[in-house]
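Just the heavy atoms: all of them, side chains too, but no hydrogens, waters or symmetry mates, feed the values below.
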Amino acid sequence: MFPDNVMKEEDFRKILKKNALKATPQRLAVFRAMCNMGHASADQVCEYIEKEGEVKITVASVYNILTDFSELGVYKHRLSANNKMIFDITTEDHAHFYDIENNTYRDINIDETIGELKAKLMKKKFKGFKVDYVDIQIVGHPTRRSRK
């Protein structure tokens with residue numbers, strides 16, 4: 001059902017318990033939606049949950065849950081070009097292709113490049129800053145061929 005790099009629900013429940021959070025139907029619905037979607041905004045997650053008919057939930061609640069999960073390290077987040085907060089299930093260093101016309105993200109595999117870049121950046125001194133992680137975003141748009 002879920003890709004290999006997605007946190008298992010059992011591990012997710014342990015994180016909730018460790019942080020004194022209940023595994024509410026809403027939290028579980030958001031978690032399951034994100035596992036299936038990979039990258040999504042609160043609006044998109046809310047739409048997905050509504051289609052599944054699993055629970056009733058507002059966009060504001062979804063956003064709050066996603067933000068809480070991001071702070072716990074379950075997800076990462078980024079701001080898209082159309083100013084939507086997008087949450088990502090992959091928390092390790094990786095690269096994205098961002099489709100600027102459709103405002104969508106897709107993971108791309110350039111692990112060796114990220115590893116080399118991160119190794120160099122971790123050694124480099126940035127006055128007053130420390131590198132936490134490397135996040136590469138390649139921005140593009142569909143070609144005429146792919147639009148057909």
Side-chain angles (χ1 to χ4, degrees), residues 1-19 21 23 26-52 54 57 59-148:
M1 179 178 168
F2 303 139
D4 292 338
N5 65 338
V6 175
M7 180 183 295
K8 305 291 182 249
E9 189 170 315
E10 172 185 323
D11 297 326
F12 173 69
R13 286 175 180 267
K14 287 178 186 175
I15 289 172
L16 291 177
K17 188 173 183 176
K18 179 182 167 189
N19 290 280
L21 296 170
Q26 291 80 7
R27 287 184 177 128
L28 293 173
V30 168
F31 173 77
R32 291 178 188 132
M34 283 299 298
C35 286
N36 283 297
M37 300 174 79
H39 303 89
S41 67
D43 294 331
Q44 292 168 323
V45 171
C46 197
E47 286 174 24
Y48 183 94
I49 292 170
E50 283 178 13
K51 284 179 190 169
E52 293 294 309
E54 199 172 338
I57 192 166
V59 174
S61 292
V62 169
Y63 182 81
N64 290 336
I65 289 169
L66 288 168
T67 301
D68 290 345
F69 291 171
S70 182
E71 290 172 6
L72 293 175
V74 175
Y75 305 129
K76 283 196 173 180
H77 62 276
R78 60 183 352 94
L79 194 60
S80 69
N82 66 344
N83 292 321
K84 286 271 186 180
M85 187 63 69
I86 304 294
F87 295 86
D88 184 356
I89 63 170
T90 306
T91 57
E92 56 271 349
D93 294 342
H94 66 289
H96 290 103
F97 187 88
Y98 177 64
D99 175 346
I100 200 159
E101 285 185 12
N102 297 299
N103 294 302
T104 58
Y105 286 92
R106 182 177 70 203
D107 289 345
I108 55 175
N109 187 357
I110 55 170
D111 292 341
E112 63 285 346
T113 305
I114 291 175
E116 291 171 18
L117 180 60
K118 184 175 181 179
K120 287 180 182 179
L121 290 172
M122 295 303 256
K123 292 177 188 172
K124 192 167 176 61
K125 303 277 189 218
F126 296 95
K127 189 173 182 170
F129 291 94
K130 180 183 179 288
V131 175
D132 292 323
Y133 62 93
V134 175
D135 183 19
I136 296 175
Q137 179 171 293
I138 299 167
V139 180
H141 63 275
T143 61
R144 279 189 231 164
R145 282 187 186 156
S146 66
R147 288 182 183 146
K148 292 180 183 178

Open item on the list: Whether the Ser80 and Asn82 side chains hold a donor-acceptor pair (N or O, under 3.5 Å, no angle test) is what I'd like checked.
Closed with: yes
Open item on the list: Restricting to non-hydrogen atoms, name the atom on Gln26 and the atom on Ile57 that form the minimum distance, rounded to 0.1 Å.
Closed with: CB-CD1, 3.6 Å
Open item on the list: To the nearest 0.5 Å, what is the distance between CG on Leu28 and CG on Leu16?
Closed with: 7.0 Å
Task: Pair Arg13 + Glu9, salt bridge at N-O below 4.0 Å - done: yes
Task: Spatial distance of atom CG (Asp11) from atom NZ (Lys18) [nearest 0.5 Å] - done: 12.0 Å
Task: Donor-acceptor pair, side chain of Thr67 and main chain of Tyr63, under 3.5 angstrom - done: yes
Open item on the list: Quick one about His141 and Asp99 (side-chain donor to acceptor, distance below 3.5 Å, no hydrogens or angles considered), yes or no?
Closed with: no
Open item on the list: Using modelled atom types and a 3.5 Å cut-off, is there a donor and acceptor pairing between side-chain atoms of Gln44 and backbone atoms of Ser41?
Closed with: yes
Task: Residue pair Ile15 / Met7, side-chain heavy-atom distance below 4.5 Å - done: yes
Output side-chain donor-acceptor pairs under 3.5 Å for residues 124-131, partner residues at least two apart or in another chain, one line each.
none

Open item on the list: Within the 3.5 Å criterion, strictly below it, is a donor on Tyr105 or Asp88 matched to an acceptor on the partner's side chain?
Closed with: no
Open item on the list: Side chains of Leu117 and Ile136, heavy atoms from C-beta outward: is any pair under 4.5 Å?
Closed with: yes
Open item on the list: If I compare all heavy atoms of Val62 with all of Ala42, which pair ends up nearest, and what's the gap?
Closed with: CG1-O, 3.6 Å
Open item on the list: Please find the pair of heavy atoms, one from Pro142 and one from Asn102, that lie closest to each other, and give the distance.
Closed with: CG-ND2, 3.7 Å
Task: CZ on Phe97 to CD on Gln137, rounded to 0.5 Å - done: 10.0 Å
Open item on the list: Less than 4.5 Å apart, side chain to side chain, heavy atoms only: is that true for Met122 and Lys118?
Closed with: yes
TODO: Answer whether the closest heavy-atom distance between the side chains of Asn19 and Asp68 falls below 4.5 Å.
DONE: no
Open item on the list: Check whether Asn36 reaches the backbone of Arg32 with its side chain - one donor and one acceptor, N or O, closer than 3.5 Å.
Closed with: yes
Task: Derivation and outcome, salt bridge (Lys or Arg N to Asp or Glu O under 4.0 Å), residues Lys51 and Glu47 - done: CA-CA 6 Å; Lys51 284 179 190 169; Glu47 286 174 24; 5.0 Å; no
- [ ] May I ask you to test the His96-Asp107 pair for a side-chain heavy-atom distance under 4.5 Å?
- [x] yes
TODO: Answer with yes or no after comparing the ring centroid distance for Phe31 and Phe69 against a 6.0 Å cut-off, counting only values under it.
DONE: no
Open item on the list: Quick check: Phe87 with Tyr75 (ring centres under 6.0 Å apart)?
Closed with: no
TODO: May I ask you to test the Lys84-Asn103 pair for a side-chain heavy-atom distance under 4.5 Å?
DONE: no
TODO: Provide the closest heavy-atom pair for Thr91 versus Val74 in the form atom of the first, atom of the second, distance.
DONE: CG2-O, 3.3 Å
- [ ] Calculate, to the nearest 0.5 Å, the distance between atoms CD1 and NE2 belonging to Ile86 and His39 respectively.
- [x] 9.0 Å
TODO: Please examine the side chains of Met34 and Val45, heavy atoms only from C-beta on, and report whether any two atoms are closer than 4.5 Å.
DONE: yes
